[in-house]
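Working notes, structure below.
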Amino acid sequence: MARVFKFGGGCLKDASEIKRLIDILAAESEPSRLVLVISALGKTTNSLEEIIKLGFEGKDFSSALEALIKDHCSIAKEVCKESEHVIRKIADIDLEIKTNLKELLDQKGKKYDFVYDQIVSYGEILSSILVFHALDQEGYKVDFLDAKEVVFTNARNRNGGVLWEKTQQAILDFMEESEKDIVVTQGFIGTFEKEFTTTLGREGSDFSGAIFASSLDAPSLTIWKDVPGIMNGDPKICNPKYVFPFLSYFETSELTYYGAKVIHPKTIKPLANKKIPIHVRSFYDPHASGTIISEKGLHEEVPTLILKKNQALISFTTKNFEFIKSYHLELIFSEVQNLAVAINLTQSSAISFSVVADFDEKKTINLINSLDGDFHCKYNFDLSLLTIKNYTDSIISQIEGSHEVLLKQQTRNTCRVLIEDLREDEKINIDVLENQ
Ligand code: ASP
Ligand code: MG
């Protein structure tokens with residue numbers, strides 16, 4: 001039986017962190033085989049996105065690519081005892097990226113999403129090559145698995161839909177043939193019929209971990225994070241003190257729906273279906289117990305803050321003071337469906353209907369333009385949707401005292417407020433636990 005470990009880019013930023021990964025494996029001396037799902041190092045995916053953007057704008061991307069390749073080569077020197085061979089491989093990939101990107105950009109009718117997937121996927125290839133060689137040269141029995149050989153998706157770029165049966169069979173076949181203790185593969189990437197690369201959506205490596213764990217009927221999926229586990233708030237936006245020891249699949253799905261970043265939303269379902277537990281563990285404190293997500297919930301009401309940034313509020317008001325009726329909603333929702341707008345909250349009043357949706361330059365504007373004939377449309381951008389689960393009156397009044405609230409929705413357990421987007425590094429100053 002193989003266990004699956006997923007390592008995110010947030011905890012693989014430099015050579016010392018790859019060495020830390022090796023130390024973690026050394027301490028995890030269970031006899032079972034391991035599949036390591038590796039995501040791109042640090043901010044590599046963002047850099048590759050920038051390179052693709054420059055390419056599409058007809059600008060020179062060579063220095064941005066050079067910097068990325070240089071970083072990977074210097075890490076190779078530090079983590080691989082015999083680094084020349086690894087550096088040669090990285091140089092081959094450098095050439096491959098340049099050639100592919102140029103060819104793709106020269107093609108007529110090139111589609112951005114298609115080009116994006118072919119190029120952005122190199123981030124994971126580079127990081128997994130480093131981890132593979134570092135482990136191999138450390139004396140581990142390790143195999144390299146290109147995820148494009150086994151993770152089959154439909155042709156949809158940037159959000160590939162997994163073809164589960166085909167994928168499971170391919171993963172099982174590979175594992176049966178491999179005689180190694182550790183298999184290193186990539187998160188985030190897949191293939192359409194081995195013809196071209198697809199990706200599973202930003203931060204999709206957690207989902208890849210779930211694909212491997214579910215296909216292998218693994219005893220667990222371990223997600224190594226740069227936080228101590230799932231906390232009652234994102235440390236980037238507040239100062240949470242509480243690490244959930246347990247969460248149920250249901251509770252975790254809810255948190256990810258509200259915007260918790262700690263796990264990719266798609267990760268839960270395939271594992272919940274097979275009752276495979278997810279263990280979220282601290283990369284920097286591997287002895288800490290972290291969070292176990294399974295059928296067993298916490299049964300304790302801990303106030304929890306979750307923030308979804310970059311939201312748009314759009315209000316559709318009927319012309320001629322007509323009350324909102326179902327046909328108005330039909331008009332709005334058929335456009336929402338056509339444009340694949342992601343709605344996070346709705347609110348209705350006598351003559352207007354408001355939606356809070358993920359802001360997307362094209363989709364949001366198209367939605368407004370296409371309904372402009374039927375309604376008076378008003379909108380605000382650059383907003384954040386703050387959800388407070390198990391709120392207390394004191395938490396709500398602190399938020400209302402420090403932020404302008406554009407919209408509020410409250411049930412017995414959950415309060416959601418729409419506020420201005422936080423500035424870079426701005427925090428919501430509520431000591432959540434003190435307010436219990
Ligand atoms: N490297 C990809 C990203 O940054 C996938 C992941 O990290 O999960 O979005
Ligand atoms: Mg990443």
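Whatever order the structure lists them in is the order used to number ligands and atoms, beginning at 1.
Of all the listed residues (Val37, Thr45, Leu48), Thr45 holds the heavy atom that lies closest to atom 2 (C) of ligand 1.
Counting atoms of ligand 1 from 1 in the listed order, those under 4.0 Å from a heavy atom of Ser205 are 5 (C), 6 (C), 7 (O), 8 (O). Counting the atoms of ligand 1 from 1 in the order shown, those under 4.0 Å from a heavy atom of Arg202 are 3 (C), 4 (O), 9 (O). Listed by atom number, the atoms of ligand 1 under 4.0 Å from Glu203 heavy atoms are 3 (C), 4 (O), 5 (C), 6 (C), 7 (O), 8 (O), 9 (O).
With respect to the salt-bridge test (charged N to carboxylate O, under 4.0 angstrom), the residues Lys111 and Asp113 do not qualify. In this structure, Lys141 does not pair ionically with Glu179, as no charged nitrogen and carboxylate oxygen lie closer than 4.0 Å. Lys261 has no carboxylate O lying under 4.0 Å from a charged side-chain N of Asp234, or vice versa, which leaves the two without a salt bridge.
Of the polar atoms of Ser39, at least one N or O is found under 3.5 Å from an N or O of ligand 1, judged by distance alone. For ligand 1, the polar-atom distance check against Phe188 finds no nitrogen or oxygen pair separated by under 3.5 Å. The distance criterion of under 3.5 Å between nitrogen or oxygen atoms is met by Glu124 with respect to ligand 1.
At least one heavy atom of Gly204 lies less than 4.0 angstrom from ligand 1.
A cation-pi arrangement is present between Arg158 and Tyr116 under the rule of less than 6.0 angstrom and at most 45 degrees off the ring axis. Remark: Lys308 is positioned above the aromatic ring of Tyr257, its terminal NZ or CZ atom under 6.0 angstrom from the ring centre and at most 45 degrees off the axis.
For the residue pair Ser178 / Asp143, a side-chain donor-acceptor distance below 3.5 Å is found, with atom types taken as modelled.
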